[in-house]
Visitor: 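First the structure, then my questions, so here it is.
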Amino acid sequence: MTTPPTTADIQLVQRILPHRYPFLLVDKVVNIDGTSTATGIKNVTMNEPHFQGHFPGLPIMPGVMMIEAMAQTAAVMVGVTLDMADKEMKVYFMAIDKAKFRRKVGPGDVLEMRITTLRGKPGGKVWRFGGIASVDGEMAAEVEFTAMMDMG
């Protein structure tokens, strides 16, 4: 058995996640430590569609989009570790808890999302994660969420 990669570039991300523009919200995942922890990177740019209306003249990334980006990071972490590339894995939210938003995120920011598995194991369908999103070391959002991994 080969050792799973510890990083996922955009090509590998797209082989794991079904999401595409405008809903693919993670550019790469680094520091993948099995199904324990990983860090997602999202380069926030002005051409994202939510900035047209949130808010004109003051573009702010919606908090729910930050939570979605953290969930996508978690799915990539699990998908990379369990060799789910090209296997049409689907992931569904079951719960979002303890969400807090601490800082505005906008175009030009690099959102760094640290994900930790709180519950879940290979072969299991229901997983729970904790996530902290930050920009330049300053916390932007934190959340706990539960997801169902449908591995086909």
Visitor: Evaluate the side-chain proximity of Leu24 to Val13: yes if any heavy-atom separation is below 4.5 Å, no if none is.
Guide: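 Sidechains of Leu24 and Val13: in contact.
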Visitor: Hydrophobic cluster mates of Leu58, side-chain heavy atoms under 4.5 angstrom, ILVMFWY only, any path?
Guide: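 Leu58 shares its hydrophobic cluster with Phe55, Ile60.
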Visitor: How far apart are the closest heavy atoms of Met89 and Gly79, and which atoms are they?
Guide: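 Reported closest heavy-atom pair: CE-CA, 4.0 Å.
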Visitor: Under a 4.5 Å side-chain heavy-atom rule over Ile, Leu, Val, Met, Phe, Trp and Tyr, are Ile32 and Ile132 clustered together?
Guide: no
Visitor: Can you run down the side chain to side chain donor-acceptor pair (under 3.5 Å) pairs that involve residues 112-123, sequence neighbours left out, and say none if there aren't any?
Guide: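 Side chain to side chain donor-acceptor pair (under 3.5 Å) check on residues 112-123 returns no pairs.
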Visitor: So, using side chain to side chain contact (heavy atoms under 4.5 Å, CB included) as the criterion, who are the partners of Gln52 when residues are at least two apart?
Guide: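 By the side chain to side chain contact (heavy atoms under 4.5 Å, CB included) rule, Gln52 matches no residue at all.
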Visitor: How many angstroms lie between CG in Leu118 and OG in Ser36, if you round to the nearest 0.5 Å?
Guide: 11.0 Å
Visitor: So, do Met149 and Lys125 sit near enough that their side-chain heavy atoms are less than 4.5 Å apart?
Guide: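 Not in contact.
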Visitor: Any salt bridge (Lys or Arg N to Asp or Glu O under 4.0 Å) involving residues 21-36? Give me the pairs, sequence neighbours left out, ordered by first then second residue.
Guide: none
Visitor: Could you identify which residues cluster with Tyr21, counting Ile, Leu, Val, Met, Phe, Trp and Tyr as linked when any side-chain heavy atoms lie under 4.5 Å apart, either directly or through a chain of such contacts?
Guide: none
Visitor: State which residues pass side chain to side chain contact (heavy atoms under 4.5 Å, CB included) with Asp9; sequence neighbours excluded, sorted by chain then number.
Guide: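 Testing Asp9 for side chain to side chain contact (heavy atoms under 4.5 Å, CB included), a comparison that skips the adjacent residues, returns Gln11, Leu12.
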Visitor: Scan for salt bridge (Lys or Arg N to Asp or Glu O under 4.0 Å) pairs involving residues 36-53, sequence neighbours excluded, and state none if there are none.
Guide: Lys42-Glu48
Visitor: Residues two or more places apart in sequence or in another chain: which of them pass side chain to side chain contact (heavy atoms under 4.5 Å, CB included) with Pro18?
Guide: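 Applying side chain to side chain contact (heavy atoms under 4.5 Å, CB included) to Pro18 gives Lys90.
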Visitor: So do Val26 and Ile41 actually touch side chain to side chain, heavy atoms under 4.5 Å?
Guide: no
Visitor: Does Tyr92 belong to the same Ile/Leu/Val/Met/Phe/Trp/Tyr cluster as Val126, with side-chain heavy atoms less than 4.5 Å apart forming each link?
Guide: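 Yes, because Tyr92 and Val126 connect within a single hydrophobic cluster, where side-chain heavy atoms sit under 4.5 Å apart.
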Visitor: Can you name the residues that form a salt bridge (charged side-chain N to carboxylate O under 4.0 Å, His left out) with Glu68, not counting sequence neighbours?
Guide: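 Applying salt bridge (charged side-chain N to carboxylate O under 4.0 Å, His left out) to Glu68 gives none.
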Visitor: Can you list every pair that meets salt bridge (Lys or Arg N to Asp or Glu O under 4.0 Å) and has a residue in residues 70-81, with sequence neighbours left out?
Guide: none
Visitor: So among Leu25, Val91, Val76, which one has a side-chain contact (heavy atoms from CB on, under 4.5 Å) with Leu17?
Guide: Val76
Visitor: If you look at every heavy atom in Met61 and Phe51, which pair is closest and at what distance?
Guide: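 Looks like N-CE2, 3.3 Å.
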Visitor: Applying a strict under-4.5 Å side-chain criterion to I, L, V, M, F, W and Y, I'd like to know whether Ile16 and Phe23 cluster together.
Guide: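 They do share one cluster, since a chain of ILVMFWY contacts under 4.5 Å joins Ile16 to Phe23.
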Visitor: Tell me, do Asp83 and Thr2 make a side-chain contact under 4.5 Å, heavy atoms counted?
Guide: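 No, their side chains stay 4.5 Å or more apart.
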Visitor: Quick check for you: to the nearest 0.5 Å, what is the distance between Met84 atom CE and Arg15 atom CZ?
Guide: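 Between Met84 CE and Arg15 CZ, I get 12.0 Å after rounding to 0.5 Å.
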Visitor: Side chains of Thr45 and Pro107: closer than 4.5 Å at any heavy-atom pair?
Guide: no
Visitor: Is there a path of hydrophobic side-chain contacts, each under 4.5 Å between heavy atoms, that joins Ile10 and Val44?
Guide: yes
Visitor: With hydrophobic residues grouped by side-chain heavy-atom distances under 4.5 Å, do Met70 and Val30 end up in a single group?
Guide: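 Hydrophobic grouping puts Met70 apart from Val30.
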Visitor: Listed by chain and number, what are the side chain to side chain contact (heavy atoms under 4.5 Å, CB included) partners of Val64, not counting sequence neighbours?
Guide: Pro62
Visitor: Side chains of residues 135-148: which donor-acceptor pairs under 3.5 Å do they make with residues two or more places apart or in other chains?
Guide:
residue : atom : partner : partner atom : Å
Glu138  : OE1  : Arg103  : NE           : 3.3
Glu142  : OE2  : Arg102  : NH2          : 3.4
Glu144  : OE1  : Arg128  : NH2          : 2.9
Thr146  : OG1  : Arg128  : NH1          : 2.6

Visitor: Which pair of non-hydrogen atoms, one from Val29 and one from Ala38, has the smallest distance, and what is that distance?
Guide: CG1-CB, 3.8 Å
Visitor: May I ask you to test the Val78-Met151 pair for a side-chain heavy-atom distance under 4.5 Å?
Guide: yes
Visitor: Is a side-chain donor or acceptor of Thr81 paired with a backbone partner of Gly34 at a separation under 3.5 angstrom?
Guide: yes
Visitor: Do Thr37 and Asn31 have side-chain heavy atoms sitting under 4.5 Å apart?
Guide: no
Visitor: Mark yes or no for whether Arg20, through its side chain, and Gln14, through its backbone, hold a donor-acceptor pair below 3.5 Å.
Guide: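 Yes.
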